[in-house]
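Report on the following structure.
Counting starts at 1 for both ligands and their atoms, in listed order. Count residues from 1 along the sequence.
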Amino acid sequence: MSAALSNDAATQLKALYAEMQPRGLYPLWEVLGALVTPQPRSPARVHRWRYAEARDYLLRAGDLISAAQAERRVLIMENPGLPGSSSATSSLYAGLQLILPGEIAPCHRHAQCALRFVMEGEGAFTAVDGEKAIMRPFDLVLTPGWQWHDHGNTSAQPMIWLDGLDIPTVLHFDASFAEHLPASAHPETVAPGDTALRYGRNMRPIRGTAADRRHNSQPLFHYPYAEWRESLENLARTTAPDPHFGHALEFTNPADGGAVMPTISAHVRLLPAGFTSRPRAATDGTIFVVVEGQGTARVEGKDIALQPRDTLVVPSWRELVLQAGTDLILFGYSDRTAQEKLGLFREHRG
Ligand code: 1HN
């Protein structure tokens, strides 16, 4: 407020607030500055989870509770600035899921969109509407909203992946629905790879014909490491790195050329050995996974060492500088596409 209140007015206002409060009425002028900030002021913090540490706790949980008992055996990576929220950023969730040999995580579906980014193990599957995606390290697998999904591990090793979901976003809109399939696994509908052949070759079955069996809004759900890594390698061989991103590729939805899901954007980037990015801040708080290499993330003057399989969260509007010691490959996901649809996304490139 510009001019100070008299003591008398201040006292009377206090009494007025106390009288209004039981009726659900509050003075905006007391809180306006905190509601409409000149810049984002996320309570979320920059945080890194070391993979080896989290993995150890996850395996210990695996000795005590089965995937079937837990429904999903997951350690939530909760942002220390958002306690009690089960959130990594204000809009997105991150967790590490373990499925042991022989286990099944039962079939369900929910309004929330999910991605899986494989950390270790090979040969377990996520089945989406009854089609298995056989998972290998650093594959991206989607379970878009309301698509049936179960997980199973028919391999001989533990399988661990990162789950990324829009749980806080759906909670924000009070729009959560979920249901279980009466059977623990969805009946197998087609052989693994069928969707990639039908919808992943810059072609698709003609709409409404007998072969058109996937959702029109997002038919694809498996983006294999072998494919994205080759594309990134080609960029690195043929193109100068972008000063802010290095070599970067976004995963797209072939239905509309946009982000993989309505609320989540996902990308990979390769920073060549010795590269230091220009500083950049963006409104989409981002969760990164280190795929290969070593490097440093500098945020707010603090250096965070990055090792393979570590998870790093950088909240909205924190200026990030990435330094690559060796070739550094990162996977990242954020709510950028949701913000773009709402006209909110902004970035600052320094
Ligand atoms: C979920 O359905 C999975 O299907 C993993 O694997 C993590 C976290 C919150 C809500 C639903 C899964 C989840 C989840």
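- Residues passing the side-chain contact (heavy atoms from CB on, under 4.5 Å) test with Thr263 are Cys113, Asp166, Thr169, sequence neighbours excluded.
- Other residues, nucleotides and ligands contribute more than 12 heavy atoms inside 6.0 Å of the OH atom of Tyr26.
- The side chain to side chain contact (heavy atoms under 4.5 Å, CB included) test with Tyr225 is passed by exactly one of Leu140, Val268, Asp139: Asp139.
- Within 4.0 Å of ligand 1, the residues that place a heavy atom are Arg72, Tyr93, Gln97, His108, His110, Arg116, His149, His151, Asp163, Leu165, Ile167, listed by chain and number.
- Heavy-atom contacts from other residues, nucleotides or ligands closer than 6.0 Å to CZ of Arg298 number 12 or fewer.
- By the 6.0 Å and 45° rule, Arg204 does not stack over the aromatic ring of Tyr199.
- Under the 3.5 Å distance criterion, with hydrogens and angles disregarded, no donor-acceptor pair is assigned to the side chains of His110 and Glu179.
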